[in-house]
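The figures here come from the full heavy-atom set of this structure, side chains too, leaving out hydrogens, waters and symmetry mates. We count ligands from 1, going down the list as the structure has it; atoms in each ligand are counted the same way.
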Amino acid sequence: MTSPSSTDAELDEEQLASFHDHLKKSTRVLALLGAGLSAASGLPTFRGVEGLWRTHDPFSLATPEAFDADPALVWQFYSSRRQMASSAQPNAAHYALARLATKMPGFQALSQNVDGLSERANHPQKQLQLLHGTLFENPILPALAVPTLGIAPAQHRTSEGAAEHENELDISDINVPLPFITIDDLPRCPKCKQRLLRPGVVWFGESLPGPVLDEVETFIDADKIDLILVIGTSARVTPAADYIKQARERGARVCVVNLNTDDRPVGRRNKDWFFQGDAAAIVPALLMPITEACP
Ligand code: APR
């Protein structure tokens, strides 16, 4: 039997009731957040339909080696994602999670997202761990103001090519050649003026930011954990995905919110909850007993 929730997500009433019961008894809660959380805000995921890694090669864009090989291309990729994120708005799920944080001191959100939407939903900073960094760390230079999602292989970016296509820009066409930029257009260290600055995100093959790892470890080791919410993530990237297992080992029950039934984290248990659908519609309904409770 399903019941229409306030946000029109059709949720199984029994599942929802048992989840709410557990949430109301919980004091220490983790959430692992992924790109699916921001899908309703219009941002692409990575591995889903039209996901970034379906149309772009992660190893020529999101590794230290890629940056060494072609820093201009990498900067243009992250600048276009930053522009998309800037023009997107946090959705109801971002706000509900931020509200949960203000109501539950023992709540920590571990975000894999670099889009800044949780921050813009006023999620308290102390309860938001940015596992993969942020697109908004370094300054954006005018030369990097590129069409969103327009990534063309390096060989297309010759000055002639750019001049030739100048008036033909179609920002949704991923084969649009990019404005021609040189290494001199890229941001440099404000102090030495020499060293190239890099986008403030964690790339494949790199470890997560030390202070963030410490914060998460301190929280996990401090006491039992009642619940971990796994929202809009394929849970395929480590160490982020490992936090699900660590939370379980601390006694946590697992609640997954995902559009895709195949994307359930490995090792699921009978006592887990799985809510299929759009995070922006489901998360507010799940957190309502806390977020809508009178102070
Ligand atoms: N609501 C809920 N879930 C959704 C929605 C939605 N509207 N849309 C998509 N999803 C789910 C997909 O089914 C998928 O399981 O979100 C998940 C997105 O998975 P990925 O694209 O793999 O993104 P994510 O898990 O965040 O990737 C982790 O990988 O590429 C790196 O650094 C990058 O942080 C990223 C990490």
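- With a heavy-atom cut-off of 4.0 Å, His132 touches ligand 1 through its side chain alone.
- The protein heavy-atom contact nearest to atom 3 (N) of ligand 1 is Leu259 N, 3.3 Å.
- The backbone and the side chain of Thr45 each have at least one atom closer than 4.0 Å to an atom of ligand 1 (non-hydrogen atoms only).
- In terms of protein heavy atoms, atom 27 (O) of ligand 1 is closest to Arg47 NH1, 3.0 Å.
- At the top of the distance list for atom 1 (N) of ligand 1, counting protein heavy atoms only, stands Ala279 N, 2.9 Å.
- The single protein non-hydrogen atom nearest to atom 18 (C) of ligand 1 is Gly232 O, 3.6 Å, given as residue, atom name and distance.
- Atom 28 (C) of ligand 1 has as its closest protein heavy atom Gln112 OE1, 3.3 Å.
- Between Gly34 and ligand 1, not a single N/O pair is under 3.5 Å apart.
- Remark: minimum distance from atom 19 (O) of ligand 1 to any protein heavy atom is reached at Ser234 N, 3.4 Å.
- Under the 4.0 Å criterion applied to side-chain N and carboxylate O atoms, Asp223 and Arg250 are not assigned as salt-bridge partners.
- Close N/O approach between Ala35 and ligand 1 is found [any backbone or side-chain N/O within under 3.5 Å].
- The distance criterion of under 3.5 Å between nitrogen or oxygen atoms is met by Thr233 with respect to ligand 1.
- Judged by a 6.0 Å distance limit and a 45° cone about the ring axis, Arg253 is not positioned over the six-membered ring of Phe19.
- Considering both main-chain and side-chain atoms, Phe46 comes within under 3.5 Å of ligand 1 through a nitrogen or oxygen pair.
- Protein heavy atom closest to atom 30 (O) of ligand 1, with residue, atom name and distance, is Trp53 NE1, 2.7 Å.
- Heavy-atom proximity to Phe204, at under 4.0 Å, picks out these atoms of ligand 1: 30 (O), 31 (C).
- Ranking the protein heavy atoms by distance from atom 36 (C) of ligand 1 puts Val237 CG2, 3.7 Å first.
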